[in-house]
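Remarks on the structure that follows.
Sequential numbering from 1 along the given sequence is applied to the chain's residues. Below, all heavy atoms of this structure are taken into account, side chains as well, without hydrogens, waters or symmetry copies.
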Amino acid sequence: MKNKLKYMILIGIIAIITVPVLLMAFYAVPYNDDFSTIGDVLREMEKSGKGITTSALLLTLGRFKTWGGFYTGSFLNYAINPYMRWGMPGHQITVFLTTLFFIVTLLVFVRVMMKEIFGVESRIKGLVLGTAMLVCFFDLYYYTETMYWYCTAVSYVLILAFMFWGIIWDARYINTGKKRYAVLTVLTGFLTSGGALNLVALNCEMALLLIGYEWIEKKGKRAWLYFAGSLAGGLLNACAPGNFVRNNGTAGTAQILQAIALSAEHVVHRGYYLLKYTPFLAVIAVVFLYMLKYVKLENRSIRLYHLGLLAVLIVAGGTAVAFPVMLGHGENYYPDRCLFIDDCLIYIGTFLFLLLFAQWCRNVGRNKRTVLYGFITAGMLVWGGVFWGSIAAGTENMLTVKCIKEIADGTAQKYFSYWDSVLHEIKTAEDTHVVVVRKEEEHESSILQGISLTPDTGDWVNKAVAACYDKEDVQYIIE
């Protein structure tokens, strides 16, 4: 009976966190690059005489040669293409399902890792920690370019979920040796490494962690299979001719060293930002106390140097994840979709550190433990007190709260109605030279991005929208 009540409470908390986020998907509209994707497919279909899926494959191969090696992200973007296939309802349902798939995957991932890697059989404990991880992804910092923008939802959110499944199957293959997990983990590793290069770095790092776990536990060499698939896909991705065309050749040694230094600095600053400007410290405190009291790792001897080594690995791993972005864009442009991947490593690394730290605290003497708890409590209280204002202000970025507010006060509906009417006017216009005029612009959402149309018919977004609806050109004018 107690377990049933606990499950009900946890499911209720999960619903509170995720249902508003999921409902917001039904107010999303295609945005900027989504129209370019449609235009590319339409032109390829006309040129080749093939269907959407075959045209998507041809475009992916062309992009591999001229733009970038992210083969999985490119193909999925071109092939799914929900607005082109099924209109606005299809677009919104795809965004909804992608977000739902990520949520379910994240919960399963935490549960399986706790069971397969750390031997924690309790489903409730896995669900508690999975819920805390959901809070991190949805209610610490709002990543404007992830959930509700189709292109990045597929290229980042969906592929990150693939990575989680690859690790799940790899862990199960390590412990069971079943061939179906071997096949699944290799394929998933290869597909995941067909994403953006920062995702490739994260994927390979997670694979290496499993190799380290297998080595420590003396369980054989099965984990190398996932790493092999991930590395093969990553090398194919990184060596694509399009990467060198896009970046005008290869980077010099000085540029590479500078990017490494900037990446290391970035990951440290990012951790500092999360602690100072978001409720991350509160999540850490709750998770640590829960692990300390309820999550016991059997036959695990954790030493202080293990914790130090893990901290170094987290920073080094974050540096590797940030490196492709810094090398490609420099320090002045770091989009939210890339922060989403950075923070994934920070969240997973922090939870792992807390788990091992709690185990270490449990093993020290009672007197030392009391003093240690005092220092930890005092440190958290001082930090929270000093930065209380910025942390409290950071709660405004909680996506759950923002979604509830915008759905309730009609902001989301106003946003959708506005842009839906603009797109409908362009689509149904009899003239191929379309001019859309609006008198006011009271439709802004802090969650959903507006389409970047301008009065300039030569602007790339205007041209992409025009191609999507088979128009000569489109003008968007605010009076």
Side-chain angles (χ1 to χ4, degrees), residues 69-76 80 97-118 126 129-130 133 137 146 152-215 217 219-238 313 317-318 320-321 324 340-349 351-352:
F70 36 97
Y71 49 89
T72 305
S74 293
F75 178 74
L76 291 176
I80 299 173
L97 290 176
T98 301
T99 306
L100 179 61
F101 180 65
F102 178 78
I103 291 167
V104 172
T105 297
L106 187 60
L107 292 172
V108 174
F109 168 74
V110 175
R111 157 66 183 151
V112 172
M113 290 301 101
M114 293 305 297
K115 179 183 177 183
E116 299 288 346
I117 303 300
F118 299 106
L129 298 177
M133 191 67 80
F137 274 99
T146 51
T152 51
V154 170
S155 300
Y156 284 80
V157 180
L158 185 60
I159 295 180
L160 183 61
F162 288 172
M163 184 196 79
F164 287 142
W165 278 109
I167 297 166
I168 288 168
W169 288 324
D170 195 25
R172 286 181 170 162
Y173 177 56
I174 290 170
N175 290 330
T176 67
K178 292 182 179 179
K179 291 182 180 179
R180 66 173 180 270
Y181 292 133
V183 174
L184 288 170
T185 194
V186 170
L187 289 176
T188 311
F190 185 80
L191 287 174
T192 301
S193 286
L197 288 174
N198 55 345
L199 252 170
V200 174
L202 179 60
N203 187 39
C204 290
E205 288 168 11
M206 296 298 289
L208 285 171
L209 276 179
L210 286 174
I211 289 173
Y213 158 76
E214 190 179 48
W215 176 72
E217 295 294 320
K219 291 196 172 188
K221 298 181 180 179
R222 291 172 181 162
W224 284 95
L225 206 55
Y226 179 64
F227 179 70
S230 301
L231 183 62
L235 291 174
L236 179 64
N237 187 339
L313 288 175
V321 170
F340 181 70
I341 305 303
D342 294 347
D343 290 354
C344 176
L345 181 140
I346 292 173
Y347 299 148
I348 292 173
F351 274 49
L352 178 57

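- Nearest heavy atoms, Leu199 versus Ser155: CD1-O, 3.7 Å.
- Atoms CD1 and CZ, from Ile167 and Phe109 in turn, are 4.5 Å apart once rounded to the nearest 0.5 Å.
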**Prompt:** Taking it one step at a time, do Leu197 and Asn237 satisfy side-chain contact (heavy atoms from CB on, under 4.5 Å)?
**Reply:** CA-CA 8 Å; Leu197 288 174; Asn237 187 339; 3.6 Å; yes
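- Asp342 contributes no side-chain N or O that, together with a main-chain N or O of Gly318, makes up a donor-acceptor pair within less than 3.5 Å.
- A distance of 6.5 Å separates CE in Met206 from CG in Leu202, rounded to the nearest 0.5 Å.
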Practice problem: Quick one: do Leu160 and Phe340 satisfy side-chain contact (heavy atoms from CB on, under 4.5 Å)? Show the steps, please. | Solution: CA-CA 10 Å; Leu160 183 61; Phe340 181 70; 3.5 Å; yes
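- The minimum heavy-atom distance linking Glu205 with Gly317 is given by the pair OE2-O, 2.9 Å.
- From Thr146, atom OG1 reaches atom CZ of Phe102 across 8.5 Å, with rounding to the nearest 0.5 Å.
- In this structure, SG in Cys204 is found 7.5 Å from CG in Leu235, a value given to the nearest 0.5 Å.
- Atom CD1 of residue Ile117 and atom CG of residue Leu352 lie 10.5 Å apart, to the nearest 0.5 angstrom.
- What you find for Ala201 and Ala320 is that their closest heavy atoms are CB-O, 3.6 Å.
- Between Phe137 and Phe164, the ring planes lie perpendicular to each other; the angle is over 60°, past the 30° to 60° tilted range.
- In this structure, the side chain of Thr185 engages the main chain of Gly166 through a donor-acceptor pair within 3.5 Å.
- Counting all heavy atoms, side chain and backbone alike, Ala223 lies closest to Glu214 at N-OE1, 2.9 Å.
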Margin query: For Phe190 and Tyr71: C-alpha separation, side-chain torsions, deciding distance, then whether ring pair (Phe, Tyr, Trp, His ring centres under 6.0 Å) applies.
Written below: CA-CA 10 Å; Phe190 185 80; Tyr71 49 89; 5.3 Å; yes
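- Between the side chains of Ser193 and Asn203, at least one donor-acceptor pair of N or O atoms lies under 3.5 Å.
- Distance OG1/Thr98 to CD1/Ile80: 6.5 Å, rounded to 0.5 Å.
- Paired with Trp165 under the rule side chain to side chain donor-acceptor pair (under 3.5 Å), one option of Asp170, Thr192, Thr105, Thr188 passes, and it is Thr105.
- For the pairing with Tyr181, the side chain to side chain contact (heavy atoms under 4.5 Å, CB included) check across Ile174, Ile168, Thr176, Leu225 returns one residue only, Thr176.
- With a 4.5 Å cut-off on side-chain heavy atoms, Lys219 and Tyr213 count as touching.
- For Ala196 against Phe70, the heavy-atom pair with the smallest separation is N-CB, 4.2 Å.
- Each of Glu217, Arg222, Lys115, Glu116 was evaluated against Asn175; a single residue qualifies, Glu116, per the side chain to side chain donor-acceptor pair (under 3.5 Å) test.
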Item to complete: Dump the intermediate steps for ring pair (Phe, Tyr, Trp, His ring centres under 6.0 Å) on Tyr173 and Tyr226, then the final yes or no.
Response: CA-CA 10 Å; Tyr173 177 56; Tyr226 179 64; over 10 Å; no
